[in-house]
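Down below is the structure, laid out as structure tokens.
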Amino acid sequence: QVQLQESGPGLAKPSQTLSLTCTVSGGSITTNDYYWSWFRQPPGKGLEWMGGISYSGSTYYSPSLKSRTSISRDTSKNQITLHLTSVTPEDTAVYYCARGFDFSWGPWGQGTLVTVSS
């Protein structure tokens, strides 16, 4: 079965670049028609889609985050990486990766909390 696991630092300082990795097991990130996305949820707020990458490597980003978000993949390691530049305390959130097909999402990673603080 396909499983996703987020990893990366739990703390970041303002102005730094946040890098998170989603490691996929039990399936290939290059399998036709699947889509791999990053989401985040600030404390007490709703889930926000950040961007994603398709099975073929095409990337898509939320307009509100496009200027400082980059998503890439390493097919040999079956990993999807998120880079978020110039972070501020407003970027404090639980970050998730998830697989998509059509407009359905799943499975999801368990999420990882990132706190941005000086």
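Scope of the values below: all heavy atoms of this structure, side chains included, with no hydrogens, waters or symmetry mates.
- Following chains of ILVMFWY side-chain contacts shorter than 4.5 Å, one can reach Leu20 starting from Val87, so the two form part of one hydrophobic cluster.
- Side-chain atoms of Asp74 and Ser76 form a donor-acceptor pair, as typed in the model, at a separation below 3.5 Å.
- When atom types are taken as modelled, the side chain of Thr31 and the backbone of Ser28 share a donor-acceptor pair closer than 3.5 angstrom.
- Annotation for Leu65 and Thr69: closest pair O-OG1, 2.7 Å, computed over non-hydrogen atoms.
- His83 and Ser19 share a side-chain donor-acceptor pair at under 3.5 Å.
- Contact of the Pro107 side chain with the Arg99 side chain is registered, since non-hydrogen atoms from C-beta on lie closer than 4.5 Å.
- Within the 3.5 Å criterion, the main-chain N or O of Ser54 finds no donor-acceptor partner in the side chain of Ser58.
- Considering only heavy atoms from C-beta on, Leu18 stays 4.5 Å or farther from Asp91 through its side chain.
- Contact annotation: the side chain of Tyr96 never approaches that of Thr112 to less than 4.5 Å [non-hydrogen atoms, C-beta and beyond].
- A single hydrophobic cluster is seen to contain both Ile71 and Leu4, as judged by linkage of ILVMFWY side chains at heavy-atom distances under 4.5 Å, directly or through other members.
- Ring pair Trp108/Phe39 is tilted by interplanar angle, where 30° to 60° counts as tilted.
- Between Thr75 and Ile29, the shortest heavy-atom distance links the atoms CA-CD1, 4.1 Å.
- When the options Glu6, Gln79, Lys77 are evaluated for a side-chain hydrogen bond (donor to acceptor under 3.5 Å, both in side chains) with Thr23, the one that passes is Gln79.
- Nearest approach of Lys13 to Val116, heavy atoms of both residues: C-CG1, 4.1 Å.
- For the pair Thr81 (side chain) and Thr21 (backbone), a donor-acceptor distance under 3.5 Å is absent.
- Here the closest non-hydrogen pair linking Val114 and Pro9 is CG2-O, 3.7 Å.
- Note on Leu113: it does not cluster hydrophobically with Leu82, by side-chain heavy-atom contacts below 4.5 Å among ILVMFWY residues.
- With hydrophobic clusters built from ILVMFWY side chains whose heavy atoms lie under 4.5 angstrom apart, Phe101 does not share a cluster with Trp49.
- Here Cys97 contributes atom SG and Arg40 contributes atom CZ; the two are 15.5 Å apart, rounded to the nearest 0.5 Å.
- Side-chain N or O atoms of Tyr60 include none that pairs as donor or acceptor with a backbone N or O of Met50 at under 3.5 Å.
- Contact of the Glu48 side chain with the Ser64 side chain is registered, since non-hydrogen atoms from C-beta on lie closer than 4.5 Å.
- Between the side chain of Trp36 and the backbone N or O of Tyr55, no donor-acceptor pair lies under 3.5 Å.
- Side-chain contact between Ile80 and Ile53: present, with at least one pair of heavy atoms (C-beta onward) separated by less than 4.5 Å.
- Side-chain atoms of Arg68 come within 3.5 Å of backbone atoms of Thr85 as a donor-acceptor pair (strictly under, hydrogens ignored).
- Shortest non-hydrogen contact noted between Pro14 and Pro89 is CG-CD, 4.3 Å.
- Considering every non-hydrogen atom in both Trp105 and Ser37, the closest pair reads CH2-OG, 3.0 Å.
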